[in-house]
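Down below is the structure, laid out as structure tokens.
Chain naming here is simple, since letters A, B, ... match the order of the sequence lines and numbering starts at 1 in each. Remember, it's a predicted structure, so these values are computed and weren't measured experimentally.
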Protein chains: 2
Amino acid sequence: MSINRPTLSNAVRKLTHDVEVMDERGRVSIVAIPAEQPLTIYLDKRELVTLMTLGGAPEALTLGYLRNQRFVRNIEDILSVQVDWDVDAAVVVTRNGVDNIDERTTKRTVTTGSGEGTVFGGLMDEVDSITLSPDARLRQSTLYKVIETVRTHRSVYKQAGSVHGCALFSADGELIHFAEDVGRHNAVDAIAGKMWFDDTRGDDKIFYTTGRLTSEMVMKGAQMGIPFLLSRSGATQMGHMMAERLKMSLIARCSGRHFLLLSGADRVVFDDASPTEETLST
Amino acid sequence: MSINRPTLSNAVRKLTHDVEVMDERGRVSIVAIPAEQPLTIYLDKRELVTLMTLGGAPEALTLGYLRNQRFVRNIEDILSVQVDWDVDAAVVVTRNGVDNIDERTTKRTVTTGSGEGTVFGGLMDEVDSITLSPDARLRQSTLYKVIETVRTHRSVYKQAGSVHGCALFSADGELIHFAEDVGRHNAVDAIAGKMWFDDTRGDDKIFYTTGRLTSEMVMKGAQMGIPFLLSRSGATQMGHMMAERLKMSLIARCSGRHFLLLSGADRVVFDDASPTEETLST
């Protein structure tokens with residue numbers, strides 16, 4: 001790569017745990033449930049935050065968190081991210097330190113399902129400051145390819161359920177990145193971290209999430225510059241409103257060959273007239 | 001009631017919004033999506049936090065947030081909670097002020113799906129400090145009654161989807177409180193607020209959530225003193241671990257007459273031997 005990239009550890013860990021359960025008939029069996037582990041990020045030796053995470057991509061999650069929370073502007077400023085599960089820590093070293101790090105590193109925990117939101121007012125200002133690529137288009141046939149790819153992708157969700165998944169696809173529907181976590185915001189942050197590391201631009205990309213299309217999900221997609229946001233779930237009023245302001249294509253209820261386009265219809269090309277099947281996804 | 005209760009507004013608002021959508025065949029229709037509105041809590045004239053909420057029970061959400069975030073110890077200390085949707089504000093006035101309010105009121109936003117977690121270390125200490133009523137028992141027949149009540153309860157979810165629901169039930173399966181919100185933590189906080197206001201103890205109660213049984217969900221249930229946590233969804237490793245430490249009955253995948261008991265089996269009485277039907281819930 002042309003620019004410097006941080007050194008990353010590759011701290012793999014078990015993503016599921018077997019537990020004994022009893023069903024309604026009193027029958028005992030073993031089922032797998034997702035791991036959920038605290039990961040404390042230390043930025044230049046200062047404790048920044050503790051995230052509750054599945055642990056599938058801790059380095060990418062750490063990078064994405066630093067990016068989305070605006071702690072570090074450029075990836076070149078990060079020398080290394082070293083994750084050590086023995087102490088549940090991600091140690092980040094920057095090249096030149098972080099401005100006003102003291103006032104920004106008050107100890108707190110972001111628990112499962114959480115995302116530290118930016119201040120709401122500033123969030124709406126930011127919406128208006130973002131311009132998504134006006135030329136990006138999504139073909140219906142590509143959308144179906146994305147849905148089918150997600151459906152058949154090997155995942156912790158299939159094995160243990162109870163996790164959220166996100167995926168980044170190219171304009172022609174090729175899978176680029178996939179991430180799962182106990183919290184949907186962590187999963188998005190992990191994708192953002194991978195994109196940051198790869199220097200991948202959102203311009204013409206397609207983002208899929210199993211989570212709902214809420215204000216924060218739309219905001220994070222926009223921050224990555226992605227014009228297409230897909231979900232098997234639905235959308236909320238604020239997510240819908242933001243997507244319209246961003247001219248982003250918000251596509252909910254993606255399942256099998258079904259979907260509901262909530263905004264940005266002019267970006268979508270209906271090139272598949274084949275009969276609608278019943279949904280295949282679960 | 002024997003003790004003083006705050007004066008509450010009853011700021012009702014529209015919980016769903018109709019939006020125009022286009023399906024896979026290019027057919028245009030109108031669907032309802034849940035409202036999502038910022039609500040800024042002002043505690044004794046200080047801006048505390050902005051929650052993104054459905055807006056179904058803003059006063060209860062505000063009370064629950066103040067309680068669960070430990071801003072106010074006793075409900076008697078709160079004189080009033082006045083919500084005004086024209087300015088998206090919840091104005092809280094306390095009797096004697098709040099200790100070190102200045103250092104605790106740094107502006108931040110908790111966005112949809114989020115919950116401001118307590119520091120993880122402190123959270124585990126708290127788990128060990130909580131003792132749930134050892135005598136509380138849940139009959140299988142009561143469990144089925146709870147599942148069926150939730151299934152048939154009128155809800156925003158049925159109308160628009162994309163919200164999380166929570167419900168509190170008595171030991172014999174009577175519905176006491178029901179709350180929905182765009183974020184599952186807001187829904188739990190709203191129930192906590194209602195319980196706080198009613199002076200309802202968790203002792204022998206049953207708590208149902210549509211959300212996953214994660215560490216924070218188990219922690220919030222424990223803070224309310226509730227020994228039975230039910231979900232139509234699954235559990236995570238940390239949620240399971242905490243529930244075992246708390247001797248809490250964690251019951252996942254509740255649907256129709258099916259369930260998976262993950263912990264606290266000794267609290268559950270199997271009194272229903274009727275044949276298992278296929279799941280009725282969606």
Side-chain angles (χ1 to χ4, degrees), chain A residues 17 19 21-26 31 33-38 40 50 52 106-120 123 140 160-162 182-185 211-217 219 233-240 252 257-262 265 268 270 272 276, chain B residues 17 19 21-26 31 33-38 40 50 52 106-120 123 140 160-163 182-185 211-217 233-240 252 257-262 265 268 270 272 276:
Chain A
H17 291 256
V19 296
V21 300
M22 188 181 292
D23 73 4
E24 65 276 2
R25 311 298 293 277
V31 300
I33 60 175
E36 186 189 10
Q37 195 79 8
T40 302
T50 299
M52 298 299 294
T106 48
K107 187 174 184 184
R108 61 181 175 219
T109 293
V110 180
T111 48
T112 300
S114 300
E116 283 288 307
T118 45
V119 174
F120 184 72
L123 200 137
Q140 182 177 17
S162 299
V182 280
R184 62 204 168 95
H185 298 298
R212 293 163 299 144
L213 302 169
T214 60
S215 54
E216 183 161 42
M217 197 55 66
M219 193 61 226
S233 184
T236 62
Q237 173 196 11
M238 191 67 62
H240 176 257
R257 299 172 67 80
H258 299 287
F259 61 85
L260 287 181
L261 176 58
L262 276 77
V268 179
F270 286 79
D272 186 312
T276 302
Chain B
H17 290 256
V19 296
V21 300
M22 188 182 291
D23 73 3
E24 65 277 0
R25 310 300 292 276
V31 300
I33 60 175
E36 186 188 10
Q37 195 79 4
T40 301
T50 299
M52 296 299 294
T106 47
K107 189 175 184 184
R108 62 184 173 217
T109 294
V110 179
T111 47
T112 300
S114 299
E116 284 286 307
T118 46
V119 174
F120 184 71
L123 199 138
Q140 182 176 17
S162 299
V163 293
V182 281
R184 62 203 169 94
H185 298 299
R212 294 164 300 145
L213 301 168
T214 61
S215 54
E216 184 162 44
M217 198 54 65
S233 184
T236 62
Q237 173 197 10
M238 190 68 62
H240 176 257
R257 299 173 66 83
H258 299 287
F259 61 86
L260 287 181
L261 176 58
L262 276 78
V268 179
F270 286 78
D272 186 313
T276 302

Derivation and outcome, side chain to side chain contact (heavy atoms under 4.5 Å, CB included), residues B:L260 and A:M22: CA-CA 6 Å; B:L260 287 181; A:M22 188 181 292; over 6 Å; no
Go through it in stages, so that I can follow the logic: the residues are A:T214 and B:E36, the test is side-chain hydrogen bond (donor to acceptor under 3.5 Å, both in side chains), and I'd like the CA-CA distance, side-chain angles, deciding distance and then a yes or no. CA-CA 8 Å; A:T214 60; B:E36 186 188 10; 4.9 Å; no
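The structure places CD of A:Q37 at 5.5 Å from CE of B:M238, a figure rounded to the nearest 0.5 Å. The CG atom of A:L261 lies 9.5 Å from the CG atom of B:D23; values are rounded to the nearest 0.5 Å.
Of the possible polar contacts, one joining the B:R212 side chain to the A:V182 backbone as a donor-acceptor pair under 3.5 Å is found. Between the A:Q237 side chain and the B:P34 main chain, no donor and acceptor come within less than 3.5 Å of each other. Although no hydrogens or angles enter the test, the distance criterion places a donor-acceptor pair under 3.5 Å between the side chain of A:Q140 and the main chain of B:E24.
For B:A160, the part sitting under 4.5 Å from any heavy atom of chain A is the backbone (N, CA, C, O) and nothing else. If you measure heavy-atom distances from B:F270 to chain A, the contacts under 4.5 Å come from the side chain alone. Proximity to chain A is absent for every atom of B:V268, based on heavy atoms less than 4.5 angstrom apart.
B:S162 approaches A:A235 most closely through the heavy-atom pair OG-N, 3.5 Å.
Contacts with chain A were tallied for B:S233, B:G161, B:A252, B:A35; B:A35 has the most, counting heavy-atom pairs under 4.5 Å.
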